[in-house]
Amino acid sequence: MSHFRPVELGHASRLLNHGPTVLVTSAHGAHTNVMAAAWSMPVEFTPPRISIVIDKHTFTRELVAASGAFGVCLPGAGLVDLTYAVGQVSGRKVDKLARHGIRTRRGPVLGVPLIEEGCAGWLECRLLPEKHTEDAYDTCFAEVVAAAADARIFAGGHWTFRDDNTALQTIHHLGGGNFVRAGGVLRASALP
Ligand SMILES: Cc1cc2nc3c(=O)[nH]c(=O)nc-3n(C[C@H](O)[C@H](O)[C@H](O)COP(=O)(O)O)c2cc1C
């Protein structure tokens with residue numbers, strides 16, 4: 001049974017707000033692909049827009065430019081090895097989804113491949129045409145057209161990190177294959 005539930009678009013920014021390393025999914029023609037990305041962030045609330053760095057030399061970038069769409073999936077800590085692995089080899093050389101047995105579902109709006117198993121959430125994104133991106137930059141801008149999350153860790157627009165959902169807690173790349181798992185929650189109190 002899937003624990004994924006739709007996330008209101010007004011809350012989509014909260015999925016990326018704390019800077020998780022993500023899996024960028026893409027498809028065009030006969031090709032489907034996935035890569036790791038540590039650099040992404042929300043940039044606007046309404047409509048929800050994000051920026052994400054997708055190196056122009058990657059296969060992902062080629063598929064995203066051709067299809068105008070991509071998915072941003074949030075791997076839980078249980079997918080740390082997979083996340084690192086798909087960030088080390090290009091989909092031009094190997095079908096990473098097939099090699100690692102990664103199952104996808106189609107996004108509700110654009111039909112992009114999205115990973116739910118082992119992920120805390122996903123955002124389905126439409127690439128925004130941007131001259132600087134097309135000409136030179138690796139930074140891409142996109143509108144979030146749908147989002148969903150596993151209700152065991154994100155519900156009602158809020159994350160809940162508990163001892164019983166550590167495998168779904170997001171991961172954050174420190175470099176060189178080292179990650180820190182989210183979960184050391186600190187509640188800010190009002191200063192006197
Ligand atoms: C943890 C991690 C984070 C990464 N973050 C980014 C990123 O933010 N942007 C980027 O363009 N590449 C990033 N990469 C590198 C890509 O994932 C890598 O180039 C990948 O092989 C591209 O795959 P593709 O050619 O199949 O699209 C990262 C790699 C790892 C392991």
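Here the structure is a predicted model, which means the values were calculated and not measured. Read the numbers this way: they start at 1 and go in the same order the structure lists the ligands and their atoms. The chain is numbered in sequence order, starting from 1.
- Polar contact with ligand 1: absent for Val34 (N/O pair, distance under 3.5 Å).
- If you chain together hydrophobic residues whose side chains sit under 4.5 Å apart, Leu63 and Phe141 never meet in one group.
- For ligand 1, the atoms lying closer than 4.0 Å to a non-hydrogen atom of Phe59 are 24 (P), 25 (O), 26 (O), 27 (O).
- A side chain to side chain contact (heavy atoms under 4.5 Å, CB included) with Ile171 is found for one member of Leu79, Val22, Leu74, Val80 and no other, namely Val80.
- Proximity annotation for atom 10 (C) of ligand 1: of Met35, Lys56, Arg92, Gln88, Met35 comes nearest, heavy atoms only.
- Checked against a 3.5 angstrom limit, the closest N/O atoms of Ser90 and ligand 1 fall inside it.
- At a 3.5 angstrom cut-off on N or O pairs, Ala36 counts as close to ligand 1.
- The option with the heavy atom closest to atom 27 (O) of ligand 1, from among Val89, Thr60, Val80, is Thr60.
- Considering backbone and side-chain N/O atoms, Thr21 never comes within less than 3.5 Å of an N/O atom of ligand 1.
- Annotation for Thr133 and Arg61: closest pair O-NH2, 2.8 Å, computed over non-hydrogen atoms.
- Residue Trp39 approaches ligand 1 through these ligand atoms, each under 4.0 Å from one of its heavy atoms: 8 (O).
- Near Val53, meaning under 4.0 Å from one of its heavy atoms, ligand 1 places the atoms 7 (C), 8 (O), 9 (N), 10 (C), 11 (O).
- Distances below 4.0 Å separate heavy atoms of Tyr84 from the following atoms of ligand 1: 31 (C).
- Between Ala38 and ligand 1, at least one pair of N/O atoms sits closer than 3.5 Å.
- Note that CD1 of Ile115 is 7.0 Å distant from CG of Leu82, once rounded to the nearest 0.5 Å.
- Atoms of ligand 1 lying under 4.0 Å from at least one heavy atom of Ala37, given by number and element, are 4 (C), 5 (N), 6 (C), 7 (C), 8 (O).
- Between the side chains of His158 and Thr160, no donor-acceptor pair of N or O atoms lies under 3.5 Å.
- How far CG of Asp95 is from OG1 of Thr32: 7.0 Å, rounded to the nearest 0.5 Å.
- Within the 4.0 Å heavy-atom criterion, neither part of Arg61 lies near ligand 1.
- By the 3.5 Å distance cut-off applied to N or O atoms, His173 is not counted among the residues near ligand 1.
- Distance from atom 11 (O) of ligand 1 to its nearest protein heavy atom, with residue and atom name: Asp55 N, 2.8 Å.
- Residue Tyr84 comes nearest to Gly177 through the heavy atom pair CE1-CA, 3.3 Å, listed as atom of the first residue, atom of the second, then distance.
- Set against the non-hydrogen atoms of Lys96, the atoms of ligand 1 under 4.0 Å away are 23 (O), 24 (P), 26 (O).
- Pairing each heavy atom of Val53 with each of Met35, the nearest pair is O-CE, 4.3 Å.
- Taking CG of Leu97 as the start and CZ of Arg103 as the end, the distance is 12.5 Å to the nearest 0.5 Å.
- Heavy atoms from both the backbone and the side chain of Thr58 come within less than 4.0 Å of ligand 1.
- Between Phe154 and His11, the gap from one ring centroid to the other reaches at least 6.0 Å.
- Using a 4.0 Å heavy-atom cutoff, Asp138 is absent from the residues neighbouring ligand 1.
- For the pair Lys96 and Val34, the tightest heavy-atom approach, listed with the atom from each and the gap, is NZ-O, 2.8 Å.
- Interface of Asn33 with ligand 1, defined as ligand atoms under 4.0 Å from a residue heavy atom, comprises 24 (P), 26 (O), 27 (O).
- If you number the atoms of ligand 1 from 1 as listed, the ones under 4.0 Å from a heavy atom of Ile54 come out as 11 (O).
- The two residues Glu124 and Gly107 come nearest to each other via the heavy atoms OE2-CA, 3.1 Å.
- Between atom 26 (O) of ligand 1 and the options Gly87, Pro75, Gly91, the minimum heavy-atom separation is to Gly91.
- Minimum heavy-atom separation, His18 to Ala182: CD2-CB, 4.5 Å.
- Any N or O atom pair closer than 3.5 Å counts here, and Thr83 shares no such pair with ligand 1.
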